[in-house]
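First comes the structure, then the notes that go with it.
Reminder, nothing fancy here: chain letters follow the sequence lines and each chain counts from 1. Note that the structure is predicted; figures quoted are calculated from it, not measured.
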Protein chains: 2
Amino acid sequence: MDTKRLRYFKTIADEGQITRAARKLQMAQPPLSQQLKLLEEELNVQLFDRGKRSLQLTAAGAALYEKAKIILGTIEDTVHEIKAMDSGEMGTLSIGVNKSCFYYLLEPMRHIRANTPNVKIQLREGDTYTLMQAMAERDIEVAFVRFPLNIEDFTVQYDAITLPAERYVLAVPTTHARSIEGVEVQMQHLSGIPLLLLHRTSGRGQYERVIGAFHRAGVQPNIACECPDAAMLLSLASAGIGAAIVPESTLQAFPTEGLQVFPIANMNVKAEAAIVWQRERYLSGPTRRMLERMRGIYGG
Amino acid sequence: MDTKRLRYFKTIADEGQITRAARKLQMAQPPLSQQLKLLEEELNVQLFDRGKRSLQLTAAGAALYEKAKIILGTIEDTVHEIKAMDSGEMGTLSIGVNKSCFYYLLEPMRHIRANTPNVKIQLREGDTYTLMQAMAERDIEVAFVRFPLNIEDFTVQYDAITLPAERYVLAVPTTHARSIEGVEVQMQHLSGIPLLLLHRTSGRGQYERVIGAFHRAGVQPNIACECPDAAMLLSLASAGIGAAIVPESTLQAFPTEGLQVFPIANMNVKAEAAIVWQRERYLSGPTRRMLERMRGIYGG
DNA sequence: GTCTTTGGATATGAAAAACATATGAAAGGC
DNA sequence: GCCTTTCATATGTTTTTCATATCCAAAGAC
C-alpha cells in the first residue's frame with residue numbers, strides 16, 4: 001500500500017467526492033478515480049459504496065480511514081522531525097571534552113540551551129587519546145581537545161577549528177602565594193615549588209612540551225604530582241599540595257577559591273587546543289550548527 | 001515521503017549494504033542507489049555516511065530508521081486488518097431484528113461467536129418499518145423482519161433471503177387452557193377468547209393479514225390488546241391477560257412458562273419473514289459471510 | 001607489488017506507472 | 001425537458017522507475 005494512494009483515499013473520504021478531492025489534490029478527476037480503484041483492487045476490498053452520486057465509506061473503508069489518518073500523520077511528523085534534526089533544531093549533540101578545554105565549551109553550551117532547547121547535549125569527558133578513540137567508535141561526533149593529537153589511525157582524515165593559543169599560568173595556593181613577588185613568576189623561581197602537572201599519558205604531547213620548556217630554560221621542575229584531570233589538579237592546588245600549571249582558560253571553567261594565579265613570565269610554549277572531528281563523517285544538524293558558529297568566532 | 005522509498009531505506013539499513021539490500025528486494029543495485037539518493041534529496045538530509053565500503057547510518061538516518069519500522073509495521077498491520085475485516089474474520093456485524101423473528105437469529109449468532117470470535121455483533125430491535133428506516137440511514141446492514149415490507153422508498157432495491165413460512169399458533173395461559181379441547185384450536189373457538197396481537201403499525205401487513213383470516217373464516221376476533229413487541233405479548237399471555245397469536249418460531253426464542261401452545265387448525269395465512277438488505281450497498285465481510293451461510297441453509 | 005573481488009556511483013535506454021484530455025452515462029436542480 | 005454535476009472509461013502523453021553496461025575505489029589474495 002502506497003503513501004500516495006493512501007493520501008488520495010483520505011482526501012476522497014474527507015471531501016466525500018472524487019471531483020472535489022481531485023481539485024484539492026491539484027489533479028484531474030479521472031486519474032484519481034483510477035487510483036482509488038487500484039487501491040481497492042490492491043486490498044481486494046471495496047472502500048466506498050458508489051451511491052447514486054455521493055460516495056459512502058464502507059465498513060472496511062471507515063476502518064482504513066482511521067488508520068490512514070494515523071499513518072499519514074506519523075509520516076508527516078517524521079519528515080518534520082528528520083528535517084528539524086538536520087537543521088539543528090532538535091536532536092542530540094554528542095561532544096567529547098577535555099577538562100582543560102572545558103572553558104571553551106561553556107559559551108556554546110549556553111547558546112545551544114538558549115536557542116535550541118530541543119537539542120540534547122551528551123557530554124563525555126576524557127583525555128585527548130580517549131576522546132579520539134571515542135570519536136573513531138562514533139560515541140562522540142566532535143571533541144574539544146588539546147594539541148598535539150598524536151593520532152595513530154591515519155586512514156581517517158580530520159577537520160579542526162583551532163582555538164586560541166593561550167599561555168600557561170601557575171595556580172598557587174593563597175597560603176603559599178607570599179613566596180612569589182610581583183604579578184608574574186619567573187621560570188627560574190619554579191624549581192623551588194612543588195608542581196602539579198597534567199598526567200603524561202593524558203596530555204600526551206602537552207606534557208612533553210611543558211617539560212621541554214623547563215629544560216630549555218635550564219630549570220629542573222619539581223614535580224609533586226601528575227594528575228589526569230585538570231579539575232582535580234586545581235583542587236589539589238587549592239588544598240595546598242602544590243602549584244598547578246594549567247592553560248589560562250582552565251581557571252575560568254572551574255572554581256579558583258584559595259588559589260592565586262600568576263602568569264609564567266618566560267615560558268616559551270603555549271597551550272593549544274582545537275575542536276576536532278572526522279572529515280568524511282556526516283555530522284548531525286546540531287553539531288554542524290555549533291561548528292559553523294564556532295568557526296565564525298574563532299575562524300576556520 | 002513514499003512507502004516504497006521508506007521500505008528501500010529500511011532494507012538498506014537492515015542489510016548494511018546497498019548490494020545485499022538490492023538482492024533481498026529482488027532488484028538491481030543501481031536503481032536502489034538512485035532511490036536512496038532521491039530520498040535523501042527529498043528530505044534534504046544525508047541518511048548514511050558513505051564510508052569506504054560500508055554504509056553507516058547518520059544521526060538523522062538512525063532516527064528515520066526507528067520511525068520507518070513503526071510506519072511500515074503499522075501499514076502492514078492495517079492491510080491485514082482491512083483484509084481480515086473484508087473476509088469476515090473480524091469487524092462488526094450490525095443487524096436489525098424484529099422480536100418475532102428472533103428465533104432465526106439465534107443459530108447464526110451462535111455460529112458467529114463460535115467461529116469468528118473477533119467479530120462484534122451490534123443488535124438493534126424494532127418493528128419492520130423502523131428497521132427498514134434504520135437500514136436506509138445505514139445504522140444497520142441487514143434486518144430480520146416480517147413480510148410484507150411496506151416499503152416507501154422505491155429508489156433503493158432490496159435483496160432478501162426468505163425464511164420458511166410458518167403457521168401462527170395460539171399461546172394460551174396454562175390456567176385457561178382447559179377451555180380448549182384437543183391438540184388444536186378451531187378459529188371459531190377464538191371469538192370467545194381475549195386475543196393479544198402484534199400492534200397494527202408494528203407488524204404492518206401482518207396485522208391486516210391475520211385479521212383478514214378471521215374475517216374470511218367468519219369469526220369476529222375479540223382483541224384484548226395490540227402490542228408492539230412479541231416478547232411483551234407472550235409475557236402478557238402468561239400473565240393471564242389473554243391468548244397471544246404469534247408465529248410458531250417466536251415461542252422458541254422466548255420463555256414459554258405458564259403458556260400452552262395450540263396450532264390454529266383452519267387459519268389460512270402463514271407468517272412470512274426474511275433477511276433483507278439494500279442491494280447496491282457493499283456489505284461488511286462478516287455480514288456477507290453470514291448471508292452466504294443463511295442462503296446455504298434457507299436457499300437463495 | 002599486481003591481480004581479483006567486492007561494493008557503490010553514473011549513464012543510457014526500456015518498461016511501467018501516473019497523468020491529462022476527451023467523452024459517456026446517470027442523477028439531481030431548474 | 002434541459003442543464004449541471006459527478007463518476008466512469010478510453011486513449012495518448014509524460015513521468016517515474018527500473019535494468020544493463022560501465023567505471024571507480026577499496027580491500028583482500030598471492
Side-chain angles (χ1 to χ4, degrees), chain A residues 1-43 45-58 61 136 153-157 278-282, chain B residues 1-43 45-58 61 136 138 152-157 278-282:
Chain A
M1 192 168 53
D2 202 13
T3 307
K4 198 198 300 181
R5 297 229 174 103
L6 205 57
R7 202 180 311 277
Y8 286 175
F9 163 73
K10 179 175 174 295
T11 309
I12 295 173
D14 282 334
E15 300 295 323
Q17 274 194 66
I18 295 182
T19 306
R20 192 130 38 97
R23 259 198 297 278
K24 197 171 183 184
L25 290 165
Q26 311 241 53
M27 66 190 293
Q29 166 264 317
L32 190 56
S33 290
Q34 187 192 10
Q35 289 301 315
L36 175 61
K37 200 174 149 194
L38 286 172
L39 178 61
E40 290 183 324
E41 279 167 13
E42 182 187 335
L43 294 172
V45 172
Q46 196 169 330
L47 297 169
F48 289 98
D49 272 333
R50 263 71 163 181
K52 324 101 202 276
R53 219 153 133 87
S54 64
L55 279 76
Q56 195 96 26
L57 281 170
T58 61
D153 181 6
F154 286 103
T155 60
V156 181
Q157 297 219 327
Q278 297 190 342
R279 181 172 294 172
E280 97 277 8
R281 184 162 170 198
Y282 184 82
Chain B
M1 191 169 52
D2 201 17
T3 308
K4 198 199 298 181
R5 297 232 173 101
L6 204 59
R7 202 181 310 279
Y8 286 176
F9 163 74
K10 180 175 174 291
T11 309
I12 294 173
D14 282 333
E15 300 295 323
Q17 275 194 77
I18 296 184
T19 306
R20 191 129 39 97
R23 258 199 296 278
K24 199 171 182 184
L25 290 165
Q26 311 241 53
M27 67 190 293
Q29 167 263 318
L32 190 55
S33 290
Q34 187 192 12
Q35 290 301 316
L36 176 60
K37 199 175 151 194
L38 286 171
L39 179 62
E40 289 182 325
E41 279 168 13
E42 181 188 337
L43 294 173
V45 172
Q46 196 170 328
L47 297 170
F48 289 99
D49 272 331
R50 264 71 162 183
K52 322 109 204 272
R53 221 153 135 85
S54 64
L55 279 76
Q56 195 95 26
L57 282 171
T58 62
R138 299 183 164 253
E152 282 160 2
D153 180 8
F154 287 103
T155 62
V156 181
Q157 297 219 325
Q278 296 189 343
R279 181 172 295 172
E280 97 278 8
R281 183 161 170 200
Y282 184 82

Could B/R23 and B/E15 be called an ion pair, given the rule that one side-chain N must be under 4.0 Å from one carboxylate O? no
[X] side chain, from C-beta outward: closest of [options]:
{"X": "A/M27", "options": "C/dA9, D/dA8, C/dA20", "value": "C/dA20"}
{"X": "A/T19", "options": "D/dT20, D/dC7, C/dC19", "value": "D/dC7"}
{"X": "A/K4", "options": "C/dC19, C/dA9, D/dT9", "value": "C/dC19"}
{"X": "A/Q17", "options": "C/dA9, D/dT6, D/dA8", "value": "D/dT6"}

Between [N] atom [atom2] and [X] atom [atom1], what is the distance in whole Å?
{"X": "B/Q26", "N": "D/dA19", "atom1": "CD", "atom2": "P", "value": "10 Å"}
{"X": "B/Q34", "N": "D/dT16", "atom1": "CD", "atom2": "C1'", "value": "9 Å"}
{"X": "A/D2", "N": "D/dT16", "atom1": "CG", "atom2": "P", "value": "14 Å"}
{"X": "A/L36", "N": "C/dA18", "atom1": "CG", "atom2": "P", "value": "13 Å"}
{"X": "A/L39", "N": "C/dA18", "atom1": "CG", "atom2": "P", "value": "11 Å"}
{"X": "B/L55", "N": "C/dT6", "atom1": "CG", "atom2": "P", "value": "18 Å"}
{"X": "A/I18", "N": "D/dA8", "atom1": "CD1", "atom2": "C1'", "value": "8 Å"}
{"X": "A/L32", "N": "C/dC19", "atom1": "CG", "atom2": "P", "value": "9 Å"}

Atom of [X], atom of [Y] and distance for their closest heavy-atom approach:
{"X": "B/L36", "Y": "B/I18", "value": "CD2-CD1, 4.1 Å"}
{"X": "B/E40", "Y": "B/F48", "value": "OE2-N, 3.4 Å"}
{"X": "B/D2", "Y": "A/K4", "value": "OD1-N, 4.4 Å"}

Distance criterion of 3.5 Å, no angle test: do you see the side chain of A/Q29 paired donor-to-acceptor with the base of D/dA8? yes
Heavy-atom side-chain contact between B/L32 and B/Y8 under 4.5 Å: yes
On the nucleotide C/dT10, are OP1 or OP2 found under 4.0 Å from the side-chain N or O atoms that B/K37 carries? yes
Residue-phosphate contact under 4.0 Å: B/S33 side-chain N/O, C/dG8 OP1/OP2: no
Just checking [X]: base, sugar-phosphate only, or nothing, at a heavy-atom cut-off of under 4.0 Å?
{"X": "B/Y8", "answer": "sugar-phosphate"}
{"X": "B/Q35", "answer": "sugar-phosphate"}
{"X": "A/R5", "answer": "sugar-phosphate"}

Contacts of A/P30 and B/R20 projected onto DNA chain C by closest heavy atom; the upstream (5') one is B/R20
